[in-house]
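Pasting in a structure now, in structure tokens, and then I'll have a few things to ask.
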Amino acid sequence: MCISISQVSRLRIHSFGSSCCERVHGWIKNSSSLKLLDVRASSVDGKARWIRRNVSTTTQGSRSNTKSSVLGGTVPVTRIIDEESRTKVQPFGNLQQRLAQDKDLSKLLTVIVSDLETTGLHRKNERIIEIAAQDIAGGGYSTFQTLVNPGVVPITNAHIHGIRNDMVCRPEVPRMEELIPIFLRYVESRQKPGGYVMLVAHNGKSFDFQFLINEFNRCSYEIPHNWLLLDSLPLARENMKSVEPTVKLSSSLEALADYYSLTREGDAHRALSDVLLLSKVFQKLTIDLKLSLSDLVLRCHTASDISAAMAKNKKA
DNA sequence: GGCCCTCTTTAGGGCCTT
């Protein structure tokens with residue numbers, strides 16, 4: 001079951017509530033960010049009406065016959081996915097059991113795996129064009145995915161992810177300043193009362209977290225102080241080194257998926273596909289390295305740590 | 001950019017992220 005925010009609005013929110021889990025229903029029903037989407041939709045033709053915000057991936061020319069077929073032709077701009085209903089399985093059972101055994105931290109911590117697609121590799125000049133995240137505990141409405149409108153910044157690496165300017169530079173695709181409060185609401189909906197969030201990304205310290213911090217700063221937001229940032233790449237390197245000390249095995253997400261014989265859903269270098277894969281890889285890594293939740297917390301960074309390093313580098 | 005490795009440490013190349 002896959003629910004897009006635009007579909008929620010189209011269906012009338014109050015009648016939709018009974019089918020949602022309570023937390024997500026609560027923030028959707030009361031969300032000011034949803035009003036933002038409505039205003040934006042209304043501004044397209046000056047009429048106040050709900051619209052479905054889909055972006056067609058059907059393309060003409062060099063790319064994407066393959067991609068379009070894989071993605072099913074269209075994808076919603078922003079959506080929260082009921083992964084539990086979609087997969088009919090508990091994909092992270094082992095980690096859930098381990099979290100449950102850690103009685104103190106498991107009551108406080110929400111682990112969310114994330115991935116970004118961007119207009120390029122430069123941390124300062126490029127922009128985010130797609131975000132996906134998944135609460136590793138699974139359950140209903142645990143997954144978030146959205147395209148992001150980068151404004152005037154051109155996409156020069158569409159050959160990597162297949163996302164082109166004409167797909168995201170559209171009025172119905174939210175800009176980052178509109179999206180941040182929506183993303184914050186999603187994270188809050190997964191958060192335990194008075195708890196902390198561990199955001200996991202592959203090569204996050206050098207890439208994803210720097211992009212997020214820059215975008216939050218640009219839009220006059222701060223990364224919440226109860227967020228911990230965990231880079232899964234050092235875990236992968238440590239694990240692969242322990243597997244084969246004399247030969248340097250690749251620690252890329254793709255190589256890890258091959259090593260663990262994991263199947264990818266969707267296309268590589270699309271945020272949701274990478275998040276679903278990293279969620280599985282992350283679980284395998286924590287098991288192989290015998291890392292407790294406490295161990296993981298000790299390996300986390302804070303946004304202020306990374307911001308300070310970025311500022312130091314900027315001066316240098 | 002940050003990290004790791006080595007033919008290193010007063011450095012440089014490769015990996016990983018898009």
Side-chain angles (χ1 to χ4, degrees), chain A residues 57 63-64 67 112-134 145-151 153-165 167-169 176 199-215 217-218 229-260 264 266-279 281-282 285 289 298-316:
Chain A
T57 59
R63 177 150 186 107
S64 55
K67 177 157 294 280
I112 295 179
V113 175
S114 64
D115 185 62
L116 308 176
E117 303 305 321
T118 66
T119 57
L121 291 171
H122 198 284
R123 283 74 166 157
K124 295 171 187 170
N125 302 332
E126 307 288 358
R127 293 288 176 81
I128 296 170
I129 52 175
E130 190 175 39
I131 301 175
Q134 183 179 47
Q145 181 267 333
T146 185
L147 293 171
V148 185
N149 187 334
V153 179
I155 298 173
T156 57
N157 58 350
H159 61 287
I160 299 291
H161 40 56
I163 303 172
R164 305 180 313 275
N165 276 101
M167 293 166 64
V168 291
C169 296
M176 203 62 200
L199 201 63
V200 181
H202 204 57
N203 201 25
K205 186 180 182 185
S206 298
F207 193 79
D208 299 63
F209 301 147
Q210 292 195 18
F211 264 96
L212 267 185
I213 289 168
N214 281 335
E215 290 281 30
N217 289 340
R218 186 177 62 79
L229 308 176
L230 179 65
D231 188 349
S232 56
L233 180 59
L235 305 183
R237 284 177 169 154
E238 183 179 336
N239 187 62
M240 301 314 276
K241 188 177 178 182
S242 70
V243 169
E244 184 51 79
T246 57
V247 179
K248 190 174 182 180
L249 299 175
S250 172
S251 298
S252 69
L253 184 57
E254 214 62 47
L256 292 166
D258 287 343
Y259 173 70
Y260 286 120
R264 175 187 285 279
D267 293 337
H269 294 297
R270 285 304 296 260
L272 179 58
S273 177
D274 283 358
V275 155
L276 296 176
L277 190 59
L278 180 56
S279 292
V281 166
F282 180 63
L285 287 172
L289 292 169
L298 290 173
R299 291 168 183 252
C300 283
H301 306 278
T302 63
S304 58
D305 292 340
I306 295 177
S307 295
M310 291 163 61
K312 187 178 178 181
N313 182 270
K314 192 175 182 179
K315 287 180 182 178

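In what follows, every chain begins at residue 1, and chains take the letters A, B, ... in the order their sequences are listed.
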Given the P atoms of dC7(B) and dG14(B), what is the spacing between them in whole Å?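 It works out to 14 Å between them.
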
Could you check how far CG of L256(A) sits from P of dC15(B), rounded to whole Å?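 Computing the L256(A):CG to dC15(B):P distance gives 15 Å.
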
Nearest-angstrom distance from the residue atom CG of L230(A) to P of dC3(B):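 Spelled out: CG on L230(A) to P on dC3(B) is 13 Å.
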
Less than 4.5 Å apart, side chain to side chain, heavy atoms only: is that true for K124(A) and Q210(A)?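 Of all side-chain heavy-atom pairs linking Q210(A) with K124(A), none is under 4.5 Å.
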
If we take the P atom in both dT18(B) and dG13(B), what is their distance in whole Å?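 That atom pair is separated by 25 Å.
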
Calculate the interatomic distance between R299(A) atom CZ and dC3(B) atom P; express it in whole Å.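 That distance rounds to 14 Å.
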
Has the side chain of S242(A) got a donor or acceptor atom that lies under 3.5 Å from a matching backbone atom of N239(A)?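 Judged by distance alone, yes, a pair lies under 3.5 Å.
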
Spell out yes or no: do the side chain of R123(A) and the base of dT18(B) have one donor N/O and one acceptor N/O closer than 3.5 Å?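 In this structure, the two groups form no donor-acceptor pair.
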
Could you check whether S250(A) gets within reach of a base, just the sugar-phosphate, or nothing at all, counting any heavy atom under 4.0 Å?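 Sugar-phosphate contact only.
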
Would you kindly give the CG-to-P distance between L277(A) and dT17(B), to the nearest whole Å?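 Rounded to whole Å, this separation is 11 Å.
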
Rounded distance in Å - CG (L116(A)) to P (dT17(B)):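 The distance from CG of L116(A) to P of dT17(B) comes to 13 Å, rounded to the nearest Å.
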
Round to a whole Å and report the spacing from CG of N214(A) to C1' of dG2(B).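 Taking atom C1' of dG2(B) as the reference, CG of N214(A) is at 15 Å.
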
When you measure from the side chain of A309(A), which nucleotide among dG2(B), dC16(B), dT18(B) comes out closest?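 Side chain of A309(A) sits closest to dG2(B).
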
Look at the side chain of R237(A) and the base of dC16(B), then say whether one donor and one acceptor between them are separated by less than 3.5 Å.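 When only heavy-atom distances are counted, R237(A) does not reach the base of dC16(B) through any donor-acceptor pair under 3.5 Å.
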
Among H269(A), H161(A), Q145(A), find the one that has a side chain to side chain donor-acceptor pair (under 3.5 Å) with E130(A).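 Result for side chain to side chain donor-acceptor pair (under 3.5 Å) with E130(A): Q145(A).
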
When you measure from the side-chain N and O atoms of S206(A) to the phosphate of dC3(B), is any distance below 4.0 Å, counting only OP1 and OP2?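 Answer is no, no contact under 4.0 Å.
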
Nearest listed nucleotide, side chain of K205(A), among dG2(B), dT18(B), dC16(B):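 Looking only at heavy atoms from C-beta outward on K205(A), the closest nucleotide is dG2(B).
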
Identify, between L253(A) and P234(A), the residue whose nearest nucleotide on DNA chain B lies closer to the 5' end.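 Residue closer to the 5' terminus by nearest nucleotide: P234(A).
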
Between C1' on dC16(B) and CZ on F209(A), what's the gap in Å once rounded to a whole number?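 Going from CZ in F209(A) over to C1' in dC16(B) covers 14 Å.
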
Mapping Q210(A) and L249(A) onto DNA chain B by nearest heavy atom, which one lands closer to the 5' end?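 Mapping each residue to its closest nucleotide by heavy atoms, the 5'-most match is Q210(A).
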
Go through dC16(B), dT18(B), dG2(B) for me and flag the one nearest to the I160(A) side chain.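 Among the listed nucleotides, the one closest to the side chain of I160(A) is dT18(B).
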
Rounded to whole angstrom units, what separation is found between the CE atom of M310(A) and the P atom of dG2(B)?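 Rounding to the nearest Å, CE of M310(A) and P of dG2(B) are 9 Å apart.
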
Under 4.0 Å between a side-chain N or O of K241(A) and OP1 or OP2 of dC5(B)?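 For K241(A), the contact criterion (side-chain N or O under 4.0 Å from OP1 or OP2 of dC5(B)) is met.
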
Contact class for D231(A) vs. all strands (heavy atom < 4.0 Å): base, sugar-phosphate, or nothing?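 Contact class for D231(A): none.
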
Minimum-distance nucleotide (side-chain atoms of L121(A) versus dG2(B), dT18(B), dC16(B)):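 Minimum distance to the L121(A) side chain belongs to dT18(B).
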
Does this structure show an ion pair linking R218(A) with E215(A), if we count only N-O contacts that are shorter than 4.0 Å?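 E215(A) and R218(A): salt-bridged.
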
Below 4.0 Å: OP1/OP2 of dT18(B) and any side-chain N or O of H269(A):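 Answer yes for this pair, as a side-chain N or O of H269(A) is under 4.0 Å from OP1 or OP2.
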
Provide the distance between the two C1' atoms, one in dC3(B) and one in dT9(B), to the nearest whole Å.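 The answer is 16 Å between these two C1' atoms.
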
Quick one: does L278(A)'s side chain get under 4.5 Å of D115(A)'s, heavy atoms only?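 Side-chain contact under 4.5 Å: no.
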
Taking the C1' atom in each of dT17(B) and dC4(B), what is the distance between them to the nearest angstrom?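 Result for the C1' pair: 16 Å, nearest Å.
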
Kindly say whether V200(A) contributes a backbone atom to a donor-acceptor pair with the side chain of S114(A) at under 3.5 angstrom?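 Confirmed, S114(A) side chain pairs with V200(A) backbone.
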
